[in-house]
Amino acid sequence: MSLLKRLEKGQGPEVAESQSVLQEMRVKRQAPMAGSRDAYRDLKRRIQEKLIAELDPAMDITQTGEVRATIEEMFETILMEENIVLSRSERRRLFEQIVAEILGLGPLEPLLADESITEVMVNGPKNIYVEREGKIERTNATFETDDHLMRIIDRIVAPLGRRIDESSPLVDARLPDGSRVNAVIPPISLVGPTVTIRKFSKIPLTIQDLIGFGSITPEAVEFLRAAVIGRINIVISGGTGSGKTTLLNVLSGFIPNDERIVTIENAAELQLRQEHVVTLESRPPNIEGRGEITTRDLVINTLRMRPDRIVVGECRGAEALDMLQAMNTGHDGSLTTAHSNSPRDSLARLETMVLMAGMDLPIRAIREQISSAIQLVVHQDRMRDGTRKVVSVTEIQGMEGDIITMSEIFGFEQTGVEDGTVIGRLRPTGIRPKFIRQIQAAGIMLPPAIFGIGQRRR
């Protein structure tokens, strides 16, 4: 296979800074074209095509450091041969943009490198938005054409053994750093290929970071740490973009290092630091419609892998039934997430997901399974100011008639809004959970003050 095909060469779009670069550019042979955006694009395209044509097809493109050094040497040679004079900063900008096209993700590279950006949203080749501090803003970066954007999408999904085409126009994938990627292409998308990237921090967030952000309080953290170590079954609920996976990753870090952990995800995102971790990832069907491995298949298989803990990235379908059964049959301390608007809504959604398994079970039997399997629901919300906060920590106490009873241990109390920022704090309700004895059996003694017992409410 030629290097041209292996790299899936792009056409080099202009980026946000191309206009300023162009205005400064001094090109001896192309002087009449100076000041034109087309000139910059044409220059980059010519150099890029020459580089691709001259690179050794047998070069191992996975060795990015060596390839980058080779490209830089050839880049300098081409500039010299064509008598193109650029300043040091112009030369560096042009080189980085060309390398991004050859080895990286083109116009997305500077956005992914910007640590202040938490999400990248591509709505067709000409509309790219990002999220900063919970607020969405448009960028000046663009792709040249739909085909250029499709080449970048293929570059993301191909290493994972996944595909995206007209017969399969949806795909979930991930970047090498674990960032979540979703892509949708025509005919499903009417605005052209779209890409949504939920970025992962290069340095995983810690519980101290969440406390510093005001997402959770030290008292709630101490309680949740005790709950994880005490093998309490926990569901983290919340809406899209509320930070469920981040919180799941942090809470999973409290699992003792001597336990065998099996994680199950649609696209691997969790970054567990324990030694004994097995990571499983679901697989879509191939072009013939065969070979699909669902999250439910993985949950069922996990039960044969002697796990101490099962961590499911997200319950969204029939796997909920097998997850509940695992929690009820000796796999205490398992964790998962679920989309919902409240802790109570989480239980309703789990009921629906169990019914999706195709089992003709009465609602009461399903609720009994849920109430006996799940002990704690941690609900997280994305507030109006864009911040993400844990707003409820609720215990599942059992059944009263046909109703699952719940008791809130911590609840968020909003005291106002200041300069658009939500002001409030997660406060204990004064209720001690029923499973406190299970925590004590693990050798953890929580002081009554954590639950607001014996303290005045401030």
Side-chain angles (χ1 to χ4, degrees), residues 118 131-135 201 204-230 232 234-254 335 337-347 374-397 405-436 439 444-458:
T118 55
E131 181 189 68
R132 280 191 178 94
E133 298 179 353
K135 304 294 183 181
S201 174
L205 293 177
T206 65
I207 199 64
Q208 294 303 322
D209 292 325
L210 298 187
I211 293 173
F213 297 152
S215 297
I216 195 170
T217 61
E219 296 80 9
V221 166
E222 190 172 350
F223 171 69
L224 292 176
R225 178 187 283 112
V228 172
I229 297 174
I232 303 301
I234 301 173
V235 171
I236 299 169
S237 63
T240 300
S242 60
K244 298 185 300 298
T245 303
T246 298
L247 184 59
L248 176 64
N249 201 59
V250 170
L251 294 187
S252 298
F254 296 145
L335 299 95
T337 71
H339 280 272
S340 71
N341 296 320
S342 67
R344 174 65 65 180
D345 185 47
S346 304
L347 305 186
I374 298 170
Q375 296 167 279
L376 198 64
V377 178
V378 181
H379 189 74
Q380 186 148 328
D381 261 349
R382 181 174 173 176
M383 314 301 281
R384 292 184 178 181
D385 60 358
T387 59
R388 297 160 173 87
K389 298 182 185 296
V390 175
V391 296
S392 179
V393 179
T394 304
E395 179 190 17
I396 308 300
Q397 293 188 318
T405 58
M406 308 175 71
S407 178
E408 191 170 62
I409 310 301
F410 292 87
F412 184 78
E413 184 179 299
Q414 182 174 332
T415 56
V417 178
E418 185 177 313
D419 297 329
T421 302
V422 174
I423 306 299
R425 182 178 173 83
L426 189 65
R427 297 185 181 277
T429 60
I431 299 174
R432 196 193 305 255
K434 287 186 175 181
F435 57 70
I436 192 68
I439 292 177
I444 303 172
M445 304 301 293
L446 294 175
I450 283 184
F451 305 107
I453 300 173
Q455 285 187 330
R456 284 188 177 182
R457 193 177 179 82
R458 293 183 292 175

Open item on the list: Taking side chain to side chain contact (heavy atoms under 4.5 Å, CB included) as the definition, give me every residue that meets it alongside Q208, ordered by chain and number, with sequence neighbours left out.
Closed with: T206, I211
Task: Atom pair CZ/OG1 of R132 and T118 - distance to nearest 0.5 Å - done: 9.5 Å
Task: Considering all heavy atoms, the nearest P428-I450 contact - done: CB-O, 3.4 Å
Task: Spacing of CZ belonging to F410 relative to OG1 belonging to T217, to within rounding of 0.5 Å - done: 6.0 Å
TODO: Return the minimal non-hydrogen interatomic distance between A227 and I234, and the atom names on each side.
DONE: CB-CD1, 4.2 Å
Task: Sequence-distant partners of T387, side-chain hydrogen bond (donor to acceptor under 3.5 Å, both in side chains), two or more places apart - done: D385
TODO: Hey, could you give me the CG/CG distance between L335 and L247, rounded to the nearest 0.5 Å?
DONE: 9.5 Å
Open item on the list: Can a donor-acceptor pair be found, under 3.5 Å and without considering hydrogens, that links the side chain of Q380 to the backbone of S242?
Closed with: yes
- [ ] Report the residues that fulfil side-chain hydrogen bond (donor to acceptor under 3.5 Å, both in side chains) with T246, sequence neighbours left out, ordered by chain and then residue number.
- [x] none
Open item on the list: Nearest 0.5 angstrom please: K389 NZ to I216 CD1, how far?
Closed with: 11.5 Å
Open item on the list: Which heavy atom of L224 sits nearest to which heavy atom of V393, and what is that distance?
Closed with: CD2-CG1, 4.3 Å
Open item on the list: Applying ring pair (Phe, Tyr, Trp, His ring centres under 6.0 Å) as the test, list every pair that has at least one member in residues 414-433; sequence neighbours left out.
Closed with: none
TODO: Taking side-chain hydrogen bond (donor to acceptor under 3.5 Å, both in side chains) as the test, write out the residues that go with E395, two or more places apart.
DONE: none
Open item on the list: Does any part of the side chain of E222, heavy atoms only, come nearer than 4.5 Å to the side chain of P447, both counted from C-beta?
Closed with: yes
- [ ] Could you tell me which residues satisfy ring-ring contact (aromatic ring centres under 6.0 Å, His included) with F451, sequence neighbours excluded, listed by chain and number?
- [x] F223
- [ ] Give me the one residue out of N249, V250, L248 that meets side-chain contact (heavy atoms from CB on, under 4.5 Å) with S252.
- [x] L248
- [ ] Go through the structure and list residues passing side chain to side chain contact (heavy atoms under 4.5 Å, CB included) with R344, not counting sequence neighbours.
- [x] S342, L347, I403, I404, M406
Task: Set of residues satisfying side-chain hydrogen bond (donor to acceptor under 3.5 Å, both in side chains) with respect to S392, sequence neighbours excluded - done: T394, E408
Open item on the list: Taking G239's backbone N and O only, do any of them form a donor-acceptor pair with K244's side chain (distance below 3.5 Å, no angle check)?
Closed with: yes
Open item on the list: Once rounded to the nearest 0.5 Å, what's the spacing between atom CD1 of I423 and atom CE of M383?
Closed with: 10.5 Å
Open item on the list: Tell me every residue that passes side chain to side chain contact (heavy atoms under 4.5 Å, CB included) with S346, counting only those two or more places apart in sequence or in another chain.
Closed with: S237, S340, V377
- [ ] Kindly compute the distance separating CD1 (I409) from CZ (R432), expressed to the nearest 0.5 Å.
- [x] 10.5 Å
- [ ] Could you list the residues that satisfy side chain to side chain contact (heavy atoms under 4.5 Å, CB included) with I444, not counting sequence neighbours?
- [x] A226, I229, I439, L446
Open item on the list: Run the salt bridge (Lys or Arg N to Asp or Glu O under 4.0 Å) test against R382 and tell me which residues pass, sequence neighbours left out.
Closed with: E131
Task: N341 backbone acceptor or donor facing D345 side chain under 3.5 Å - done: yes
Open item on the list: Around atom CD of Q414, are there more than 12 heavy atoms from other residues, nucleotides or ligands closer than 6.0 Å?
Closed with: yes
Task: Verdict with reasoning, D381 to F412, per side chain to side chain contact (heavy atoms under 4.5 Å, CB included) - done: CA-CA 10 Å; D381 261 349; F412 184 78; over 6 Å; no
